[in-house]
Structure formats: structure tokens, C-alpha cells
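First comes the structure, then the notes that go with it.
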Amino acid sequence: MKFDVGLILSWIPAALAGLEITIAVWLAGGLCALALGFGVAAARRFGGALVDRALTLYVALIRDTPFLIQLFLLYYGGPFVGLELEPYQAGLIGLTVYGSAYFAEIIRAGFEAVPVGHQEAAICAGLTRAQMVRRILLPEMALLVLPPVVNMQILLLKETAVLSIVTVPELTMTLTSLGSEHFAFAEALSLLAGLYWVLVEVTGALGRFAERRLARLSFAA
Amino acid sequence: MAAALQVRRLGKRFGAHAVLREIDLAVREGEVTCIVGPSGSGKSTLLRCMAFLEAPSEGEITVYGAPLGFRVTESGERQRLPDSDVARVRRNIGMVFQQFNLWPHMTALGNVAEALRQVRRLPRREAEARAMAQLAKVGLAERARHYPSQLSGGQQQRVAIARALAMEPRIMLFDEPTSSLDPELTGEVLNVMRELARAGMTMAVVTHEIGFAATVAQHIVFLDDGRILLEGTPQSVFAQPWHPRLAQFLETYIDRGAAVLLQGAPA
Ligand SMILES: Nc1ncnc2c1ncn2[C@@H]1O[C@H](COP(=O)(O)OP(=O)(O)OP(=O)(O)O)[C@@H](O)[C@H]1O
Ligand SMILES: [Mg+2]
């Protein structure tokens, strides 16, 4: 038995099709997760004590269970409560909900890291509370959370592999099934790891580029 | 001289801890009032009450006769005034913080122009022209396009002063404006403040710069443990170092040029 490079080359068109789906569900799920996470964090900050407590529980429930189990429950357990989802729908909802808990925590910490003095300076300058939030609090928070948000998006990118268990034909599903068809798991998994690696490196580089561009907007000592 | 800002029977508690007690204080029009005192005596809390960043627990503050935050009714009850009213009265006040508190995502010009655009609703060009004029006054016109992270501490504090002045307040409050600066940078900020005082700005300054207080202020307030222990002209206050708390306080400043103030005092 030897490592068959030719086989890998022959898989490339199929792998690229899987990659396209991976990127599509990742971008859609990642952005929805970020939006929902922002909503959760904002509701926790501005929505009063009761909302805060309810959403703290939401975040805890999601963070305390594996994504694999959550997705299983959603897709295979959903029908028992009348929730019939297509694989893509389940995948997208799953990624959104799972990611939202982490983004909510990142953004909550970001809000808390904006110095109170910066907000007081805005109020003293005459800005209304809404203007202060829009012009000072949100932009400063966004700058602070950029690195952890990019990091979390990278983690979510890799979590899209879990969507293969609900039969979304993304990269992992495509290559693992080709691997078992040809009894060539080493080849399939090598190609799989290589493609994720490229995607993560590109994403990381984009994140670092954005960070460098924004560095001078950072907090002065 | 008339009081621009009047504090009456002010008290402030944090939980059970009474930080300020029965403060009566007039910040008079055109004068520099310096608030000095040991660490923890309540200086910042008093200044923050004057900007209604803290709500006083008791008493009343009026700014040109208008109640700030609370109105005391005929029957002596305190009524919280709506935020819009607080904002209107606060328009008379500019605040400068120890930590500068510039907004890091805006240039120096952006920091100074922000409230002109958002609050005054000036068009961009006009807001920036006015902001530029303010920056020129504090000697920073050529740094207008720099971000706070690209400025020294002294420059940042001067931008913060320009930002407050841009809204044309009638009273400026300073909370230890030079305490987080290296000694070499302290001078440039104090010079801007001296200039402002000379131009007749009404100022209340919390400071540890006893030399500045002695030479620029018309009115010194010595705060100790949440109460005003002594107040008056620099001559009258600093000529009383026989007061044990003041003497103890000034001791720590002897090396900062305050020794001269003790000369001629009774032994
Ligand atoms: N938000 C707060 N909650 C509870 N206690 C507070 C709060 N702010 C101030 N204090 C307390 O009030 C007292 C006075 O604090 P304040 O900051 O006004 O002192 P200060 O005279 O400005 O001191 P320093 O010279 O160190 O700046 C201190 O004992 C402080 O611990
Ligand atoms: Mg203080």
C-alpha cells in the first residue's frame, strides 16, 4: 500500500465543490452567528436585569454542550417537536446558535473593556446617550473585539466539518466519502487537512492585515 | 463676585460610606478655584458631582442659578430632573480628566469636532474649522491629523482641553489634569491652563500642583475626609500651615516647590 498522489489529484474537482459549500455555510453561519451574538450581548447590556439573566443562561447552555450533540438534537430530534429541517437549514441554524454564544461573550467583554471615562467624556461634551453609544461605545468595542472575533470565525470554519453528520455535502463529507469509496483514508484526510489549512491561513492573514491597518486607532497608553 | 457654580449642603454616599459631607462652595465667575487635599479626601467625587457624573446624595448644585440634576422644592424635597434638563445645564460645563479620555478611533481634529457635529449639528467644514482654531490655541494645529496613540500624554491632554473648549463652556472643570504626565510634560498643560485663566475663564481645578494653585488660583479649597477644612485666597490658606492637617499635607509637597509657601508661617 502506498500514498497515491494521482488519486488526490483526481479528487480535486470534487474537493473544490465541497470547499465551495464549506465556505458558503461558514460565511453565512459565521455572519449570522456574529449578528445574533451581537444582539445577545447588546440585549444583555441594555435590556435590564431579567433579560441579562435569561441570556446568561442561553449562553451557558450552548457553551456547555458540544456542537456535534447540538446539531444531532436539532436535525434528528427536531421532527419529534414538529421541526423538520433540511440539512442546510439545520447546519446554518446550528452554526448560528452555536457561534452566537461565543460571540456574545466576546462582545460582552468588549463592551466592558471600553473605558467608562471615554463614555463620560462624550456625555460631558454634550452627546446624548444614543449618540455616545453609536459614535463612541460601538466603534471602540468593535476595534477591541476584532482579534477574538477573527479567532472565533476560524474555529467556526473548522466546526463546519460537523455538518457532515447531517449530510451537508461540504468538504469533510465529500472527502471522507471519497476516501471510503477508494479505501484511501490517508489521501483523503491529507487533502482535507491541507485545504482547511489553506483556508485558515488565508483568513488569519486577512485578520492580521485588518488589525495592522487599525493599529493606530488602538488605545493610547 | 457672582457664583457661576454654587454647591449647597452637598453630601455624597457610596453605600454606607459618606465620601462628601455638608459641602458649601462657590466657584466664582472669572476666578480659578483650586481644590486640594489628601488622596481619598473626595476631590474627584466633588468635581464629578459638579458635572453630574455622580448624582449627589444630598444638597444642591446650581449653575448660573439653574439646578443641576436635582431641584429642591419649596418644601425641601429633592426632585430628579429629566436627562434633557441635565444636558441643557451641563452645556455650561467643560470637563478635563486625569486620563485624558480621548476617543482613540478619531484624530485629534475628530475628537475636537465630534460634539460640534453631533450636538451643534454644524456641517463638517465648519466644525473642522472651529476645531482647528481650538487646536491652534493649545499649540497643536500641526498635530490635527494624528490619532491619540500617536501623541504624547501632554499633547493628548491639550487636545482634551481643546475638545472641552470647542463647546464654549462658561466653566471648565479639571480633575488632576497633569497627574498622569511626566514632569517635563506637566508644564505645557499648566501653561495652557494659565493662558485660559488669564483670558478670564471660570475654572475649578483639582490638583496636586501646589505651585500652580498658589500662583494662579484666586480661591483655594482644602478638602479633608469629605469636608472643607479651610478655604480662602492662597495667601490666607497657605499661611495657615499651623493647621495640623494642612501642615501634614503640605509636608509631602515641600520638594515640589511648596516650601516657599511655608516661609513666614508661625512655627
Ligand atoms: N464609585 C465609587 N464607589 C465607591 N466608593 C467610591 C467611588 N468613587 C470614590 N469612592 C471612594 O470615595 C472616596 C473619595 O474618592 P475620590 O476619588 O473622590 O478621592 P480623591 O480626593 O479624588 O483622591 P485622589 O487624590 O487619590 O484622586 C475614596 O474613599 C474612594 O474609595
Ligand atoms: Mg481624584
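Just so we're on the same page: letters track the sequence lines, and every chain starts at 1.
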Exercise for review: Indicate yes or no: at least one non-hydrogen side-chain atom of B/P104 is less than 4.5 angstrom from one of A/E140.
Suggested key: yes
Just wondering, are more than 12 heavy atoms of other shown residues or ligands nearer than 6.0 Å to CD in A/E211? yes
In terms of heavy-atom contacts, B/A115 and A/A125 come closest through CB-O, 3.4 Å
The interface call for A/E120 against chain B, heavy-atom contacts under 4.5 Å, is both
Between the CE atom in B/M106 and the CD1 atom in A/I136, the distance rounded to the nearest 0.5 Å is 4.0 Å
Taken to the nearest 0.5 Å, the spacing of A/C124 SG from B/R48 CZ works out to 8.5 Å
In this structure, CD of B/Q118 is separated from CE of A/M132 (nearest 0.5 Å) by 12.5 Å
For residues 180-197 of chain B against chain A, heavy atoms under 4.5 Å, the residues are none
Chain B shares the most heavy-atom pairs under 4.5 Å, among A/A121, A/G126, A/A122, with A/A121
Of B/T107, B/I93, B/V119, B/V86, the largest count of non-hydrogen pairs under 4.5 angstrom with chain A goes to B/V119
Should we count CZ of B/R80 as having more than 12 external heavy atoms under 6.0 Å?
yes
Rounding to 0.5 Å, atoms CZ (B/R117) and CG (A/L127) come to a distance of 12.0 Å
| query | Near A/F209 CZ, under 6.0 Å, is it more than 12 heavy atoms from other residues, nucleotides or ligands? | reply | no
Separation between CH2 (B/W103) and CD (A/Q119), nearest 0.5 Å, reads 11.5 Å
Here the gap from A/R129 atom CZ to B/D83 atom CG, rounded to the nearest 0.5 Å, amounts to 9.0 Å
### Message
Contact between A/L143 and B/H105 at the side-chain level, heavy atoms closer than 4.5 Å - yes or no?
### Response
yes
Among residues 161-177 of chain B, those lying within the under-4.5 Å heavy-atom range of chain A are B/R163, B/M167
When the 4.5 angstrom heavy-atom criterion is applied to B/L102 and chain A, the contacting part is backbone
